[in-house]
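In what follows, chains are A, B, ... by sequence order, proteins preceding strands, each numbered from 1. Note that the structure is predicted; figures quoted are calculated from it, not measured. In what follows, every heavy atom counts, from backbone to side chain, and hydrogens, waters and symmetry copies are set aside.
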Amino acid sequence: MRLSRAVAWLCVLALGAVAFSSPAAAQSVNRAAIDDLNEQLLYVALPLTLFVELTLVYAIYRFRNNDRPKPTVDDPALEITWTAATGAILIFVGVSAFFVLLNPYITPAAAGPTDAGGQAADGMEVEVLAYQWGWEFHYPESNVTTQSRLVLPKNENVTFRLESSRVIHSLYIPQLGVKQDIFPGQTTIARTKPTQTGSYRLHCAELCGSGHSRMDGTVIVLNQSEYDDWVQRQRNAPSANGTASNGTATSANGTATSATGTDAARISAPPRAHAR
Amino acid sequence: MAEATEVASEHAGDEEEEHAHESRWPLPAAIGAGALYLGAGLYFMGQNLVPSVIPVALVAVGALGLLGGLAGWANEAFIADYRRSHGGDSGVLRMGMILFLVSDVATFSAGFVYYAFIRVGAWPPEHLPSLLGSLVIINTALLVASSFTLHYGHEALESGNRRRFLGLMGATLLLGVVFLGGQAYEYYELLVAEGFTLSTGILGSAFFGLTGLHGLHVALGVLLIGIAFGRALKGHYSAERDTAIQTTSLYWHFVDAVWIFLVLVLYVGASI
Amino acid sequence: MLNRAVVEGSALALLALGIFALWFSARRSVRPESDGGYTTSEEIRFEIDRLQSGVYRWLTTTNHRDIGILYIVFGTVAALWGGMDAMMLRTELVTAQADIWTPETYNALFTTHGLTMLIFFVLPVFFGIGNYMLPLLIGADDMAFPRVNAIGFWLLPPALLMVRMGLLVQVGGQILSLFLPQDTIQFFLTVREVSVGWTLYAPLSVQQPNPQIDLLLLGLHLSGIATTVGAINFIVTIVYERTEDVTWANLDIFSWNMLVTSALALFAFPLLGSALVMLLLDRNLGTTFFATEGGGPILWQHLFWFWGHPEVYILFLPAAGLMSTLLPKFVGRKLFGYQFIVYSTMGMGVLSFGVWAHHMFTSAVDPRLKASFMAISIAIAVPSAIKTFNWITTMWDGDIRLSAPFILCAGSIGTFIIGGVTGVFLAVIPIDVLYHGTYYVVGHFHLIVVGIIPFMMIAASYYWYPLITGRWYDTRMAKFQAALLIFGSFVTFMTLLVIGGLGLPRRQATYPVEYQFAQQIATVGAYVIGLSALLWLYNMLVSYWKGDVVQTTDPWDLKATNQFTREWQWFEERMMEKYDLEPSEPESTRRSYAPDMTPIGLLGGVGTVAENVYRNAWMAAAGGIVGTLLMTGGLGTAAYVGVLDPASFSEIAELVGLPATPLIGALLFLVGGAVTWPLLFLAFSDYLPGRLLFETGLVFATLISTGFAIAFYTGQQGLAFIGYLGFVLVAHWAYGLGLTVTFQYLRSRRRNAHEMEA
Ligand code: HEA
Ligand code: HEA
Ligand code: CUA
Ligand SMILES: [Cu+2]
């Protein structure tokens, strides 16, 4: 009887805590899908966790120096109940996850066949070369190349074709919900569609040697017209293929400051000879 | 400090009690293994860092320590009191061997997984020597035959036919040694005549990795059978006291089975 | 920049020195022969003899209890070494820049920290506890293969030395460079601690020139052999060496866990061994196992995690076994659901081989394959949940003794729940895409690898301290230490969970400045953990000489609850033999297990609740409508004066999958207000605090108003915020009053109707 009383108590409390995270507007479709799922799962997980934790605390409080302890009585029905309940919750978790997994931004392969060398279904393409230790972004349509700075137009599908020169790296843009490992000798694909302009951080998320922690960069999402301007300027710039592109990107957008905030020298890693 | 004497006596008491449980051999065996590994590691580090005498000496000392320690342990555990004890723990030893073989499956599987990976990748490789030849067939026949000789040897022991037992054990030993010889000859052919080595393309790694690992197992098996044979000659073993024969057979049959699988997958598999 | 080798070398030397000083000073103060008086040469010779025989004994012993102690001491040394690495990691992270050690050194620190902890700390300690306790628990004389047992242990120290050779060689190099010219000690200047992460991912680990990697690989291989040997020994011991009355059905739960752990180790470690050798060959002999043109880097990841994931359960299961063993003793009730816990242990063992690719969700694995790994990874939460619920239910209706081991048990369950639930989030691929490679993962696993593994080891060390040493530890200090450890772990690893959730990548010596404050909190927490570890050590060392002598054969009063298990029976016999102690008699005994009674469990509870709901459904609806109408008045006013944003109602609609318009939302809200909440209230009103229906109604309304306030908060500030809260509360009270007044009225009418009939 006491058990169910505490259960009741905690249910009430847990229900109160159901509404927890206020949805922040996501910066890309990937991030939006992930955030939605995360929120959905939190609605289940948070009360559940709270419930179990509080039951634990309550049990300790209630039964500390208990005068009338009772012997253990096996209760297979109870065992089966909570096993089934956990199972049901987890099926819910699995099913909701599965549907998000079918999202072509989360699983690029679900977007349809993009055979090696072939064009992606729609939108623009960026070829990314990760090297020890820096990033090189090549825009094949406009034949522009930048270092450590990725400029994207808003509301446009982007497909990244990722290559690495020697070791494994991982392209990680937290705000856009993009993370994909990059293997040497193999092209991996990631997709996104930014939905907000702004300047975001880019990291390498796979240990790649002593320079791993400085292998970061900036992602700048611009309006389509600003983006076109930027591309135009890159084309005209005499050293479109060199390090100077950092400077030009900054001038294209006043908000684009160095994302690392610590030292600008970090993103001046020497460019590699093009792997292609 | 009223309890002082109490403590002293308590800790002293422990010591007396433990004297029954001691063995000199584990430590040298372990240190030997450590030295062996350290020597191998220093060898890989290259000569410009470590003068080559050091690794060589470490490996030699380590191997000596390891083998000596293991021999001492085996002697103490199984042989020294052979006459006195009556071998009641055959179940324990058999199970130990079976568990070891289970772990061995895992040891082999890493190499087979590599082979599976390259098979689904770019196949065939540039260097594909002709692996299937009369040598492999003969070697396979030898190894399979040795499994039979060992099995019937064991049966002979159980039915009390000592001479037959000894003969078949000797035959098994011989077959094992000849197999190893064949293996060495095959390596020689591949390495020298065909220029196919461990680092030749993607198949070299799989071939030498797997056959090398298997070869080590056969070598260990030959050693075990050799010891068993030696003990048999000294008059050990009987129908009731055949634990060592049981465990050795288990091991040998396992090595044999792995070989057949290896031939099917690697020798035959690479050719088709 | 500080020199890592010098700092860590001297810190460890200092620690070792401190330990020895403490040990000898504690010993001196209780041993009469060594304080005061003249030291004669005879006495010195006697001491040396004693030392010699002591050393000889420890080097040659094959006694399972001695080997157990050796394992535990070894594991503690590794814990302190790996803990030192951790403290240095946390120190580096105090500032956003890499200004204490270089990034390369930082990489080396977490690599050796991870490997030392996972391989040389956890399993050795559990093997130690297993060696000491398991034969006692199952009534065996010794382990099945005592000498092999000793070999297995003695392989570990050389393995640890090889893995950590980098540091030793560097320290050596620092000393030698004072006397010798550079080029003669090239070896000492080239070898550094390995810095490729504990996962040793190819091709980084193949390409890095640091020759120490070769030694590390071989050291790990050696330790793998030791582990396999130990695992075989445990399995055979449990299968063959039980005394007659220990059957599979009553085998104690710790032995069950050691059995499953050993079975996992038996298959996982040899595979790792082969993979390590393959990596070694790739580095040195030009093989192509993990080269791009051969098996590829992804093959290493498959092989590594095929070992790596079972490995984490190999570490977790013994801790879970200790929990199931210790918890009932401090609750005075037998373990709830023994059978189900055993099944869940086996279930975890089997499933753990089917989830490895969840560490590779962002690498190049086929999506369909990933989805199936996701499914199994989620499913593995079921056996963990079974364990957790059984532990909590064991505590229910018990008589809890708040001693240090119990505090640690409770803390472990608490952290494990959070660590486990975050694990389930990681198992969900889309979420893992965001969290992989961030501090979220670090937070997840530390809540388990710190939050239950060392916790349970320390709990066990307290629980069995009287049995092993015949003395009591300092119980007050132990309680304080336990609380400190739990507090420090929560602070450190919850913080890491949060910054990971915000997107901070792990394994980086530098990070954006805005994370600095959070990182500093985590560091303070880590120092607290470090402090508590030192307190534990102090307690163990000093109590060995100075603790209160155990004067009873039943130090934990286990006989009173019929839990005087085998290892304590062995202890009792020993105490009787040695000190002529009488077997202690409990003052009173009571049953801790009643297999014959019928449970009153949750189903019964649910049944009555359901019945309640059914009978009172119409009553609830009526009350709900009245209450909701009243509430709408309050909320409407709030919306009218502008402290509540009506648009926020649309989210309710969105949540259940309907179009996100405020109108539908408001409608749903009304339905909920008129149906769901009143039903819940009726179902649970018996359990709410307060005497009158009236009072409970107010309590209920206040509780649910917090949920409302959070859910509909749209960023109001200042006065608007206070107004918002006020209106929400008042509106809910109105609701609660509406509910209860209606109920009161309807009930009294029903009662009247009954009376009329009668
Ligand atoms: C002992 C250690 C241990 C244990 C027990 C676990 C348990 C679990 N782990 Fe964890 N894990 C690690 C150690 C451990 N892990 C380590 C070391 C890493 C990182 C390696 C590295 O990259 O360096 C890691 C990484 C890791 C990843 C990869 C993250 C990444 O790198 O991207 C994933 C993904 O699926 C994962 C999942 C899980 C799951 C689902 C469990 C489950 O078993 C948890 C189940 C438990 C519960 C769920 C809690 C109790 C249950 C309830 C209270 C019931 C109610 C709950 C629900 C219904 C959800 N773990
Ligand atoms: C069992 C495993 C274990 C344990 C106990 C710990 C303990 C700690 N860990 Fe660690 N950690 C790992 C396994 C572990 N860790 C792994 C696998 C990684 C990943 C490495 C990689 O990325 O490659 C990691 C990485 C890691 C990082 C991330 C580095 C990065 O990614 O940038 C950090 C940072 O804060 C950290 C901190 C700590 C701290 C402060 C502790 C403190 O809790 C330490 C304090 C010390 C103790 C808690 C030990 C106390 C125990 C005893 C004194 C002995 C008791 C013994 C008996 C009873 C016999 N760890
Ligand atoms: Cu590139 Cu880390
Ligand atoms: Cu895992």
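Within the 4.5 angstrom heavy-atom criterion, only side-chain atoms of A:His203, from C-beta onward, approach chain C. For a residue to count as touching a neighbouring chain, one of its non-hydrogen atoms must lie under 4.5 Å from one of that chain's; by this rule C:Asp366 does not touch chain A. With a threshold of 4.5 angstrom between heavy atoms, A:Leu90 approaches chain C through its backbone and through its side chain. Contacts between C:Met395 and chain A at a heavy-atom distance below 4.5 Å involve backbone atoms as well as side-chain atoms. Residue A:Gln175 does not touch chain C at all, counting heavy-atom pairs closer than 4.5 Å.
The backbone N or O of C:Ile431 lies less than 3.5 Å from no partner atom in the side chain of A:Asn38, so there is not a single donor-acceptor pair. Checked by atom type and distance alone, the side chain of A:Ser210 never pairs as donor or acceptor with a backbone atom of C:Glu104 at under 3.5 Å. At least one donor-acceptor pair under 3.5 Å links the side chain of A:Tyr172 to the backbone N or O of C:Gly503. In this structure, A:Gln186 contributes its side chain and C:Thr292 its backbone to no donor-acceptor pair below 3.5 Å.
Contact tally against chain C (heavy-atom pairs below 4.5 Å) for A:Ala205, A:Ala45, A:Pro184: the top residue is A:Pro184. Of the listed residues A:Ile173, A:Ile168, A:Thr188, the one with more heavy-atom pairs under 4.5 angstrom with chain C than any other is A:Ile168. Counting heavy-atom pairs closer than 4.5 Å to chain C, the top residue among A:Asn30, A:Ile182, A:Leu41 is A:Leu41. Most heavy-atom pairs under 4.5 Å with chain A: of the set C:Thr199, C:Thr388, C:Thr362, this distinction falls to C:Thr362. Considering only heavy-atom pairs separated by less than 4.5 Å from chain A, the leading option among C:Gln208, C:Arg590, C:Arg401 is C:Arg590. Per-residue counts of heavy-atom pairs under 4.5 Å with chain A were compared for C:Gly437, C:Gly414, C:Ala385, C:Ala509; the largest is that of C:Gly414. Heavy-atom pairs under 4.5 Å with chain A peak, among C:Phe425, C:Phe389, C:Tyr338, at C:Phe389. Per-residue counts of heavy-atom pairs under 4.5 Å with chain A were compared for C:Gln339, C:Glu293, C:Gln301; the largest is that of C:Gln301.
To the nearest 0.5 angstrom, A:Arg214 atom CZ is 9.5 Å from C:Thr510 atom OG1. Of the inter-residue distances, the one linking A:Asn65 atom CG with C:Asp399 atom CG reads 6.5 Å to the nearest 0.5 angstrom. Separation of atoms CG (C:Leu200) and CG (A:Leu207) is listed at 10.5 Å; rounding is to 0.5 Å. Distance check: C:Leu204 CG to A:His212 NE2 gives 10.0 Å after rounding to the nearest 0.5 Å. The distance from atom CZ of A:Phe98 to atom CD1 of C:Ile378, rounded to the nearest 0.5 Å, is 11.5 Å. Taken from CZ in A:Arg64 to CZ in C:Phe406, the straight-line distance is 10.5 Å, to the nearest 0.5 Å.
At a threshold of 4.5 Å between non-hydrogen side-chain atoms, the residues A:Arg31 and C:Leu434 count as touching. Under the 4.5 Å side-chain criterion, counting only non-hydrogen atoms from C-beta, C:Tyr435 is not in contact with A:Lys179. Residues C:Val382 and A:Thr83 form a side-chain contact, since some pair of their non-hydrogen atoms from C-beta on lies under 4.5 Å apart.
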Evaluate side-chain contact (heavy atoms from CB on, under 4.5 Å) for C:Met360 paired with A:Asp181, printing each intermediate quantity in order.
CA-CA 9 Å; C:Met360 302 155 63; A:Asp181 292 0; over 6 Å; no

